[in-house]
Amino acid sequence: MPMRLGAARSPRSQDDGSRDDGSASPYPSDGRVRPGTCGRLGAALLRRGRVVVAAWLLLAVASAALLPGLTQRLSPPPLEVPGSRSAVAARLISQGFPQFGSEQMVLAFDSATLTATEPAYQRALAETVGSLVDLPGIGGMLPLPTGEDQDPHHAYVLFGVTGDEAARQRRLPAQAAAARQAVDEASGGKVTVTIVGASAVFAELVRGDLDDLQRMKVVTVPLVVLLLVLGLGAVGSAVVPLLVAGAAILVTAGVLSLLGMIAQVDSTQLTVALTVCLGIGLDYALLILLRYRQARRDECLPPVTAAVRAADTAGGTVSWCAVAIVLTAGALFTVPVPGIRNIALAVIVAALVTAAAASSLTPVLLPLLDPWLEWRSLPWRRLRRTTGRPAWLRPAGHLMNHPVRYALAVTALLLAAALPVLSLRLGLHYDRPSLAGTATGHGLVQMEADRMAGITGLVLPHPKGSGPVNVDALMDALEADPRVGPVAVVDNGRDLTVVLVTERNPPDSAASAALLRHIYEVAPRLSPPGRQMVVAGPTALLADLGEQMLAGLGLAIALVLLFSFLLLLVTFRSLLIAVKAVCMNMLSVTATFGLLALCFQHASPTRDVNLLVPLLTFTVVFGLSLDYEVFLVHRVAEHYRRTGDNTAAVLHGLRHTARPITLAAAVMTVAFASLLITHRSDLQQTGFAVAVAVAVDATLIRMILVPALMRLLGHRNWWLPRPLARLLPPAGSATPPTAASSGS
């Protein structure tokens with residue numbers, strides 16, 4: 001039966017909100033305060049509270065049951081860039097030389113006692129090759145010539161693997177196991193073998209990522225619990241955000257499990273999604289919890305009424321924040337790299353599931369757990385309830401009296417932190433520290449030490465019947481290049497010639513990238529006129545990945561800025577607030593990248609910042625920063641609308657949001673800082689960047705710079721040109737009345 005909202009009494013009244021039938025009405029009944037959409041939804045959920053809790057419990061249990069299947073189906077991040085030159089080259093090779101497959105990998109043999117020319121070594125090599133040729137997904141085998149710098153105890157065999165990327169990665173463990181068993185049995189353990197290649201390198205990520213998730217759970221959860229208890233002042237209150245975040249994490253993993261049944265889900269997706277869930281799940285539940293406690297304490301509202309009030313206010317903020325994260329993450333879909341789009345999808349799924357959990361589960365849990373929210377209160381929590389004005393309001397008053405001084409000091413500090421960004425180097429590299437101790441890592445080091453670090457294929461298609469392409473001049477030029485090892489040419493007798501080039505430098509090195517550019521420059525001059533040439537191999541693959549990421553970076557950043565500006569403009573109907581927020585976020589992110597370069601790149605001169613980091617950091621940080629901006633400015637606008645006093649409004653906003661923003665940001669910082677304990681440098685850099693950006697944004701930006709600028713701008717904070725005022729939707733409750741009509 002629909003609930004009828006009556007007239008409300010004073011917030012301090014003792015009305016318990018009860019109805020004649022004994023149920024609780026969502027608000028006091030004097031009619032002055034009517035819940036909005038989120039409040040009405042919260043009221044509806046509260047009427048069916050046990051059903052809501054049961055539904056989330058069922059979803060969590062079902063998701064937990066799906067987790068083993070997800071871990072088995074996890075794949076490394078996809079590497080191929082559809083339509084790129086390396087992808088075209090790989091397709092031509094697989095069509096023209098089916099025995100070379102869709103990717104070329106290397107069997108790297110080693111022995112501590114035998115040289116590669118001894119009969120026992122050769123017998124072990126032959127047995128290994130024979131054990132692999134009949135396995136699914138294995139193409140032809142081609143022994144590689146001995147390089148002049150090659151260790152005599154080493155030998156290499158090039159082989160092709162067939163199938164799409166997911167199939168190749170799925171078959172790799174069985175192929176590696178068969179090779180190890182064959183060489184061990186044939187040599188009595190005197191010879192070892194390792195599979196080396198792009199897929200083999202990135203397959204190691206899955207095993208490491210799953211171990212990292214376990215380690216993150218062990219380290220992060222106790223830290224988060226401690227932080228919540230200290231910040232909320234009671235063990236009972238800390239339980240609510242933990243329950244909500246836990247439900248969001250499990251259900252998000254369940255959604256990814258279902259996606260994994262119809263599409264490829266990689267380990268990076270899972271790591272990023274669960275980290276985002278933990279951070280924003282705790283954040284969103286905290287905002288609603290703190291607004292609930294304020295309504296219970298300051299307005300003396302009964303539990304159900306306070307829960308609806310919290311759903312109507314903080315719940316609305318949570319919904320808005322989720323939209324902001326979805327839009328900023330959606331900008332990553334402009335990058336034509338499957339791995340980046342997978343991460344964008346994971347962030348969107350995490351944001352939507354977490355917002356649903358926070359908006360529906362938190363308001364229902366609060367009245368149910370209300371008698372226990374103050375359980376095990378800490379001493380300072382009990383003391384705080386008996387004191388009046390918070391001590392930190394005194395420095396806030398000093399800020400209001402000296403806004404220029406504070407604004408200049410913080411701006412100078414952030415600009416100084418941003419200076420190292422001028423020397424920021426972006427790149428894509430094999431994560432060698434994370435491969436240390438693995439078989440693939442050992443094989444990679446072995447090949448690089450032998451100056452046979454990679455195999456690149458120069459693919460030259462030709463008309464049928466025209467004979468092999470004359471590549472003598474090209475081969476002479478390549479063999480004279482000190483960056484190149486042995487060179488061989490093969491032709492399929494029909495329509496394709498391939499020049500196999502052994503690279504002396506690692507595929508992810510600057511020297512190999514320069515060699516690739518050199519090949520593309522000289523090949524047209526040294527090949528017969530009109531011949532098309534594309535390049536396949538790890539060097540070409542990494543080059544295409546980097547090129548496409550850089551190409552999409554500018555558009556993604558532009559879209560994030562545009563989405564952020566439009567969201568704030570529509571929300572607050574203020575041009576200056578929207579422009580200021582975007583500029584502040586840019587300043588915060590730039591300072592973060594400066595610190596990232598200082599801590600990671602300058603500490604190791606040969607180390608670059610992974611190209612994934614600015615893409616992921618920029619979108620996630622902007623979405624999170626908008627959360628804090630809306631939370632602060634909404635409170636300032638509420639007070640300004642009532643009083644017209646700008647300085648008092650800014651102080652009011654600080655008083656009511658400083659603690660929630662600081663605590664939420666601290667939790668978010670810990671959640672993303674947990675990525676620092678992973679084995680992958682790209683995730684370490686991302687965790688560092690997001691944690692630093694959130695900490696800087698919640699302290700220097702939201703608590704000092706934004707209030708100082710709002711104090712300086714005064715009533716101009718709410719300025720909106722008349723043409724925009726006519727275009728935008730009507731002002732919401734957060735907008736001061738002057739904003740809608742201001743024309744100057």
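Scope of the values below: all heavy atoms of this structure, side chains included, with no hydrogens, waters or symmetry mates. These figures come from a predicted structure and were not determined experimentally.
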Min side-chain heavy-atom separation [X]-[Y] under 4.5 Å:
X	Y	result
E148	R504	yes
L474	V469	no
I340	L615	yes
D491	H462	yes
V692	L596	no

For the backbone of [Y] and the side chain of [X], can you confirm whether one donor and one acceptor N or O come within less than 3.5 Å of each other?
X	Y	value
T456	V501	no
D110	A112	no
Q685	P614	no
T502	P486	yes
R171	T162	yes
T619	L616	yes

Query raised in the report: If you measure only the distance, is there a donor-acceptor pair under 3.5 Å linking the side chains of T271 and R680?
Result: no
Query raised in the report: Does any donor atom in the side chain of S84 or S86 lie under 3.5 Å from an acceptor atom in the other side chain?
Result: yes
[atom1] of [X] to [atom2] of [Y]: how many Å apart, nearest 0.5 Å?
X	Y	atom1	atom2	answer
F618	L553	CZ	CG	8.5 Å
I195	M105	CD1	CE	6.0 Å
Q601	F593	CD	CZ	12.5 Å
E547	R85	CD	CZ	6.0 Å
N342	Q264	CG	CD	7.0 Å
L516	L541	CG	CG	11.0 Å

Query raised in the report: Aromatic rings Y156 and H154: how do their planes relate, parallel, tilted or perpendicular, breaks at 30° and 60°?
Result: perpendicular
Query raised in the report: Can you name the closest pair of heavy atoms from Q122 and T117 and give their distance?
Result: CG-O, 4.2 Å
Query raised in the report: Any idea which heavy atoms bring T194 and A439 closest together, and the distance?
Result: CG2-O, 2.9 Å
